[in-house]
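Written out below as structure tokens is the structure these notes cover.
Along the sequence shown, residues are numbered consecutively beginning with 1. Since this is a predicted model, take the numbers as computed values, not measurements.
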Amino acid sequence: MTSVRYNLVINPDYAWAKPEIESWIKNGIPADAEVIFKQRNTVYRINCGGQSMIVKSFRLPNAINKFVYTRLRKSKAYRSYYNSLHLIKLGFLSPTPIAYAEVKRGGMLAESYYISAEVEGNNIRHWESIADLDFLLAAFAADLYRLHEAGVWHKDFSPGNVIYSGNASDGYKFNYIDVNRMEFNVHDRRKLMSMFRSINEFPQYTAKFARLYARAAGVPEEIIIREAAEAQARYFAKQRRKKAFKKLFK
């Protein structure tokens, strides 16, 4: 029989939720959990003790990644939890980390989960249709500049991973999610500027955002617009190569 080991780490402020969360990990996500996203990973909304929690169930790793995440690297769940804590410590917003869990079967990582509090707001996908866009983008660009000044490199910096709330009158707040591929103490300009690569699929909107970033940073607009465009061009070229490579094996 394959041995099974559970590793569950709970935020001390949520110790009261440990029994129920432990049940989810050992017995499976409850049947009445609401699926709010499903692609490579599955994201659920679950009520626990009257509080809405978001549970991200990571895709089962393949044989190579099982070894990598067991022996060489921390799991995505682990990094999601601790990166969120560190980001908040730096003064930025991320949904409150509640717990992470890892299930090892036969000594190798199998299932893994990250649990956080739910935050109100919307992501910035299709921002071209958002009311008060100029005010929102100016605030967002200023927050990105703060991230860069703090040495934060979010490798998955895309509109779907930024949740905003507020309005032009009262100001905006930005919560960053999917932070398992985030690194800290990064001051390499090319890496930081790569965060412009997929912030919007339309180059003209990326340029608009870059212009606002330049104003927040106090540097010439043409420099940031050029660097943002270069980052986006590299990203688009990489995506084309990946598609072409996949076609070869179909």
Side-chain angles (χ1 to χ4, degrees), residues 36-37 43 52 54 80 83-97 116-233 235:
I36 59 176
F37 181 84
V43 181
S52 182
I54 301 300
S80 295
N83 283 357
S84 294
L85 286 175
H86 191 65
L87 188 63
I88 292 168
K89 184 178 179 180
L90 289 175
F92 299 95
L93 299 179
S94 190
T96 302
S116 66
E118 183 173 19
V119 295
E120 293 185 358
N122 300 288
N123 63 49
I124 305 186
R125 284 194 182 101
H126 311 301
W127 70 23
E128 54 274 13
S129 62
I130 295 175
D132 295 323
L133 178 62
D134 289 347
F135 293 100
L136 173 66
L137 287 189
F140 184 28
D143 215 48
L144 175 57
Y145 175 63
R146 285 205 312 125
L147 285 170
H148 286 176
E149 286 292 283
V152 178
W153 180 27
H154 194 333
K155 298 181 186 180
D156 285 331
F157 196 71
S158 65
N161 291 337
V162 182
I163 299 175
Y164 77 93
S165 59
N167 53 56
S169 299
D170 301 327
Y172 291 96
K173 293 181 180 180
F174 303 93
N175 271 271
Y176 300 103
I177 63 174
D178 281 354
V179 300
N180 68 86
R181 296 185 65 239
M182 180 175 279
E183 291 186 15
F184 301 98
N185 297 315
V186 175
H187 297 283
D188 180 290
R189 186 171 182 81
R190 185 181 172 107
K191 288 181 177 179
L192 294 175
M193 294 305 290
S194 72
M195 289 168 65
F196 281 92
R197 67 183 191 176
S198 57
I199 197 60
N200 192 283
E201 62 180 318
F202 300 110
Q204 65 269 32
Y205 281 101
T206 299
K208 180 183 182 72
F209 184 59
R211 185 174 293 108
L212 293 168
Y213 176 98
R215 293 174 186 173
V219 298
E221 294 178 3
E222 61 271 18
I223 294 176
I224 304 301
I225 291 172
R226 184 188 71 247
E227 291 179 333
E230 290 172 350
Q232 191 168 56
Y235 176 71

Practice item. Please check if any side-chain donor atom of Asp143 sits under 3.5 Å from a side-chain acceptor atom of Tyr164, or the reverse. Key: no
**Study point:** Side-chain donor or acceptor of Arg197 paired with backbone N/O of Lys155 under 3.5 Å
**Key:** yes
Check your understanding: Is it true that Glu183 and Lys191 have a side-chain N and a carboxylate O under 4.0 angstrom from each other?
Key -> no
Exercise for review: Could you pull out the closest heavy-atom pair between Glu221 and Ala214, with the gap in Å?
Suggested key: CA-CB, 3.6 Å
Practice item. Please check if atom CD in Gln204 has more than 12 non-hydrogen atoms from other residues, nucleotides or ligands closer than 6.0 Å. Key: yes
Point to revise | Value rounded to 0.5 Å, distance of CG in Asn200 from OG in Ser158 | key: 11.0 Å
Study note, to complete from the structure: One should read off an interatomic distance between Leu212 CG and Ile224 CD1, to the nearest 0.5 angstrom, of 12.0 Å
Point to revise | Considering all heavy atoms, the nearest Asn83-Val179 contact | key: ND2-O, 2.8 Å
Practice item. Inspect the contact between Arg226 and Glu230 and indicate whether a charged nitrogen and a carboxylate oxygen are less than 4.0 angstrom apart. Key: yes
Point to revise | Note, Ile36 side chain near Ile54 side chain (heavy atom, < 4.5 Å) | key: yes
Revision key, fill the gap. Correct closest heavy-atom pair for Ser165 and Glu120 would be CB-O, 3.9 Å
Check your understanding: Any side-chain heavy atom of Asn167 sitting closer than 4.5 Å to one from Asp132?
Key -> no
Point to revise | Check: Tyr205 ring centre within less than 6.0 Å of Phe140 ring centre | key: no
Practice item. Show the numbers, then the answer: is there a side chain to side chain contact (heavy atoms under 4.5 Å, CB included) between Asp134 and Lys208? Key: CA-CA 9 Å; Asp134 289 347; Lys208 180 183 182 72; 2.9 Å; yes
Study note, to complete from the structure: d(Met193 CE, Leu144 CG) to nearest 0.5 Å is 8.0 Å
Exercise for review: State, yes or no, whether a side-chain contact exists between Ile199 and Trp127 at a heavy-atom distance under 4.5 Å.
Suggested key: yes
Review point. Is the count of non-hydrogen atoms from other residues, nucleotides or ligands lying under 6.0 Å from Lys173 atom NZ greater than 12?
Key: no
Review point. How about Pro97 and Ile88: do any of their side-chain heavy atoms sit closer than 4.5 Å?
Key: yes
Check your understanding: Do Ile124 and Phe174 have side chains that get closer than 4.5 Å, going by heavy atoms?
Key -> yes
Review point. Are the side chain of Asn161 and the backbone N or O of Asp178 linked by a donor-acceptor pair below 3.5 Å?
Key: no
Study note, to complete from the structure: Of all heavy-atom pairs linking Ala228 and Ala210, the shortest is CB-CB, 3.8 Å
Review point. Is the closest side-chain heavy-atom distance between Val162 and Tyr176 below 4.5 Å?
Key: yes
Check your understanding: Rounded to the nearest 0.5 Å, how far apart are OG of Ser84 and CG of Leu93?
Key -> 11.5 Å
Check your understanding: Nearest 0.5 Å, what's the CZ-CG distance between Arg211 and Leu137?
Key -> 11.5 Å
Practice item. Quick one: pull up CZ in Arg215 and OH in Tyr145 and give me the separation to the nearest 0.5 Å. Key: 15.5 Å
Exercise for review: Kindly indicate whether the side chain of Leu147, heavy atoms from C-beta on, has any atom under 4.5 Å from the side chain of Leu87.
Suggested key: yes
Check your understanding: Taking the six-membered ring for Trp, is the centroid-to-centroid distance between Tyr172 and Phe135 below 6.0 Å?
Key -> no
Practice item. Measure up the Phe196 and Tyr213 rings against each other and bin them: parallel (under 30°), tilted (30 to 60°), perpendicular (over 60°). Key: perpendicular
Check your understanding: Just one of His154, His86, His148 clears the ring-ring contact (aromatic ring centres under 6.0 Å, His included) bar with Phe184, so which one?
Key -> His86
Practice item. Taking the side chain as every heavy atom from C-beta outward, state whether Asn175 and Pro95 have any pair of such atoms under 4.5 Å apart. Key: yes
